[in-house]
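Structure, as structure tokens:
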2 protein chains.
Amino acid sequence: MAVTIRDVAKAAGVSISTVSRALAAPDKVNEATRLRVQTTADAMGYRPNRAARGLITGRTGNIGLIVPDLENPFFGSVSKGVQSRAREAGYAVFVADTDETPAMEAEAVRSLATQVDGIVMCSARSSDDAVRRFAGEVPLVLINRRLERIPSVTFDNGGGLRAVLRHLVALGHRRIAYAAGPVTSWSNSERSQVFAAFGHESSDLELVELGNFAPYFSGGIEAGDVVIASGVTAVVAFNDLMAVGLVDRLRQRGYSVPDDISVAGIDNVPVATHVWPHLTTVDFPRIAIGRASVDMLLDIVLGRTEHSHRVPDVAVELVIRQSTGVAPTTARAPSPHHTRTQPTTASRQ
Amino acid sequence: MAVTIRDVAKAAGVSISTVSRALAAPDKVNEATRLRVQTTADAMGYRPNRAARGLITGRTGNIGLIVPDLENPFFGSVSKGVQSRAREAGYAVFVADTDETPAMEAEAVRSLATQVDGIVMCSARSSDDAVRRFAGEVPLVLINRRLERIPSVTFDNGGGLRAVLRHLVALGHRRIAYAAGPVTSWSNSERSQVFAAFGHESSDLELVELGNFAPYFSGGIEAGDVVIASGVTAVVAFNDLMAVGLVDRLRQRGYSVPDDISVAGIDNVPVATHVWPHLTTVDFPRIAIGRASVDMLLDIVLGRTEHSHRVPDVAVELVIRQSTGVAPTTARAPSPHHTRTQPTTASRQ
DNA sequence: CGTGCGACTGAAAAGGCTTGCAGAATGATC
DNA sequence: GATCATTCTGCAAGCCTTTTCAGTCGCACG
């Protein structure tokens, strides 16, 4: 059915070895024959069978990408970055969605391990030990999780969160909540620590951690009531999705954002500017991160690992928008509905 | 490095053929040996090399998924559906993101064709001829595009749009716009036709098509000004993302949704309920669609194609929320800012 | 005890490709 | 014209499985 190297060889009147070389190692073959082979190959629509090639070279030309949730725009962006860099490098990419469960991560690694040259794993939900085991099976690069001696690309989680907190403090907030994400999330635990430690920067600050909540809109809805009950004037959510849910719930309950309560997210996913008020958040260059992870993986796979195994935290950026404002003087009770004057800021994207 | 069937054979004291059979065709081998082989294979962590297997069986156990934009939540959901069904059936999936360009679709098909058993192609942007050519290269199932003699799963585009239009008419709207999506999009052209044809259902209706606009938030921003200039009282956008951009732009320009202008989207992606007002839209069961497409592809690949080549349009559902309302009596000029009383509707998801 | 049968098992080919090695052809040198 | 160095090119092995085909073995039956 498909045209094989043998067919091309016959058509071009050369041996299969010559065809193989003409296509893969152009300088080891006479220019004239090379051209002839190339032409007939193109004419016949020949495409080398990568499985067969992989069998002998030991490399598949594929990489795997494992993410917790493809519906989450954060991972969509990362996937896009991984995609594009991989394609440039001539690699195809397997994607596996694990529904945020460690079990499926293990399964994905097992089933992918044999047919890829390496795996990029995003926001791994598995235990440290499990992740180490994965790395033993197949070249592995972690995104958004740091683990001793495992290559990873991470971003400055702590710096981002601190920037948000300083911003809120500058606006006069003194009682601030962190709406935590999944317990199994490495970045959640890092943020949680940074949040707790922030109390030392300035005293007279009351920091309360709430949750954990699911890293979705629904988690934000749930968090909304808890935030209200906690009596804070500002809340930072684990991610933008949760922040958006929070804002929605607060409005439902009759609270105005940011007049009664300020809300900030983390991630700067597109939805952050789709909602009103536009979300104050922390921007991660997600596509760049995806691309960087592929570069790192290829460095390892191709054995050109000169540089360190860990990309320094990529810089993050506090993006101040309309969901955070000065702390209310009297707070607490639902304010009457009032529309603020329309900011004229153009929306991003 | 990796443990091969030969290693297992040696360890279990049998031939490689026996190992192969023990694992793949349990009834063709003595129960005792089967157990012994199974055990040692497990103990050694043997995983058959799928490339080698594919070489001989002609099947790879992989399928390809091609989508225009992974960052678009619509395709994220579809991917998730494809994912989960494929995994259940023991298939791994390659994903390719084409950045909405026909050229990349062709490239993706070419590079995937040799290493998958079939491809699911979502919202193909290529010409009919090109798509036909793809289908000639590899078993292909189309999502969201109908093409004579090519298997596809589509949804009732026309019915969805008509439902929205009837809804708007019932609310008293007489001048209604359709903000069109990409020219290369099949569903856009179908919607465009349905929209134009709708004029016949009731007379005294003024239907204007605007665009084309990009199927993103940014496209909606652009569309917003055009909509205002057109003087309509209601607009249906090509998709939710565009509708959200539209709403944002209208608010920026001082128009209230739905008091001055009603806006409806199509797709019911999560963001539809993340924004305020929640978007009136048409719901597609995206995950189910993804799953169905895999079923269909496998039917073809495995040669069990009893049923027709085309899944009947899957049902869609009009979801009425807060972005559409009764037509304004005097319309046109930006209304003063006024907040409507808060609906108490619970948000979905 | 010889024959035949069934149930298992093993040898070997095949699948498409890369690559080390040897052979052929070409050209240059003496 | 013969020799030798250079390119090129072809042969064949090998990558890991599956699967056909033939063979072994034990056992029941005559």
Side-chain angles (χ1 to χ4, degrees), chain A residues 1-38 40-41 44-62 90 92 111 113-117 138 302, chain B residues 1-38 40-41 44-62 90 92 111-117 137-138 302:
Chain A
M1 33 160 287
V3 28
T4 84
I5 198 174
R6 181 167 275 108
D7 303 327
V8 177
K10 193 166 295 178
V14 295
S15 75
I16 59 171
S17 352
T18 303
V19 175
S20 175
R21 274 186 285 253
L23 269 28
D27 46 331
K28 289 191 167 182
V29 99
N30 185 304
E31 176 59 18
T33 34
R34 213 224 71 219
L35 204 66
R36 183 156 43 96
V37 169
Q38 186 67 265
T40 55
M44 302 177 70
Y46 170 67
R47 316 235 69 209
N49 180 323
R50 300 184 72 161
R53 171 182 293 171
L55 204 50
I56 186 164
T57 62
R59 281 184 290 104
T60 62
N62 300 142
S111 80
T114 55
Q115 38 191 351
V116 299
D117 294 341
V138 55
L302 271 32
Chain B
M1 30 160 285
V3 29
T4 83
I5 198 173
R6 179 167 278 106
D7 303 325
V8 177
K10 192 166 297 176
V14 295
S15 75
I16 57 173
S17 346
T18 303
V19 175
S20 176
R21 273 187 287 251
L23 268 31
D27 46 330
K28 290 190 168 182
V29 98
N30 185 301
E31 175 59 17
T33 34
R34 213 222 74 216
L35 204 66
R36 183 156 41 95
V37 170
Q38 186 67 263
T40 55
M44 302 177 72
Y46 169 68
R47 317 234 68 210
N49 180 324
R50 299 184 72 157
R53 170 183 293 173
L55 202 51
I56 186 162
T57 62
R59 280 184 291 105
T60 62
N62 300 142
S111 80
L112 250 37
T114 55
Q115 38 191 351
V116 299
D117 294 340
E137 283 188 55
V138 56
L302 270 34

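Residue numbering restarts at 1 for every chain, and letters A, B, ... go by the order of the sequence lines.
- In terms of modelled atom types and a separation under 3.5 Å, the side chain of A:Arg36 and the main chain of A:Ala12 share a donor-acceptor contact.
- In this structure, A:Gln38 CD and A:Tyr46 OH are separated by 11.5 Å, a value rounded to the nearest 0.5 Å.
- The separation between A:Asp7 atom CG and C:dC17 atom C1' is 13 Å, rounded to whole Å.
- No side-chain donor-acceptor contact under 3.5 Å links B:Ser20 to the backbone of B:Ile16.
- Each of B:Lys28 and A:Arg21 lies near DNA chain C, and the nucleotide nearest B:Lys28 is the one positioned closer to the 5' end.
- If you check residues 49-57 of chain B against DNA chain C, the residues with a heavy atom closer than 4.0 Å are B:Ala52, B:Leu55, B:Ile56, listed by number.
- Within 6.0 Å of CZ in B:Arg47 there are more than 12 heavy atoms belonging to other residues, nucleotides or ligands.
- Nearest heavy atoms, B:Val8 versus B:Met44: CA-SD, 3.9 Å.
- Distance check: A:Leu55 CG to A:Asn49 CG gives 9.5 Å after rounding to the nearest 0.5 Å.
- When DNA chain D is scanned in the 5' to 3' direction for atoms under 4.0 Å from non-hydrogen atoms of chain A, the outermost contacting nucleotides are D:dC8 to D:dC16.
- The distance between atom CZ of A:Arg47 and atom P of C:dC17, rounded to the nearest whole Å, is 12 Å.
- Place A:Arg36 and A:Ile16 on DNA chain D by their nearest nucleotides, and A:Arg36 ends up nearer the 5' end.
- In this structure, B:Asp27 places its CG atom 12 Å from P of C:dA7, rounding to the nearest Å.
- We find that CG of A:Leu23 is positioned 10 Å from P of C:dC17, with the value rounded to whole Å.
- Taking both residues in full, the closest heavy atoms of A:Gly90 and A:Arg50 are given as O-NH2, 3.4 Å, listed atom of the first, atom of the second, then distance.
- The minimum heavy-atom distance linking B:Thr60 with B:Gln115 is given by the pair OG1-O, 3.5 Å.
- Using a 4.0 Å heavy-atom cutoff across all strands shown, B:Thr4 reaches sugar-phosphate atoms only and no base atom.
- The two residues B:Val29 and B:Ala22 make their nearest non-hydrogen contact at CG1-CA, 4.1 Å.
- Note: CD1 (B:Ile5) to C1' (C:dA12) measures 14 Å, nearest angstrom.
- If B:Pro48 and A:Arg34 are placed on DNA chain D by their nearest nucleotide, the residue sitting closer to the 5' end is A:Arg34.
- Of the side-chain N and O atoms in B:Thr33, one or more sit less than 4.0 angstrom from OP1 or OP2 of C:dT9.
- Distances shorter than 4.0 Å separate some side-chain N or O of B:Thr18 from OP1 or OP2 on C:dG10.
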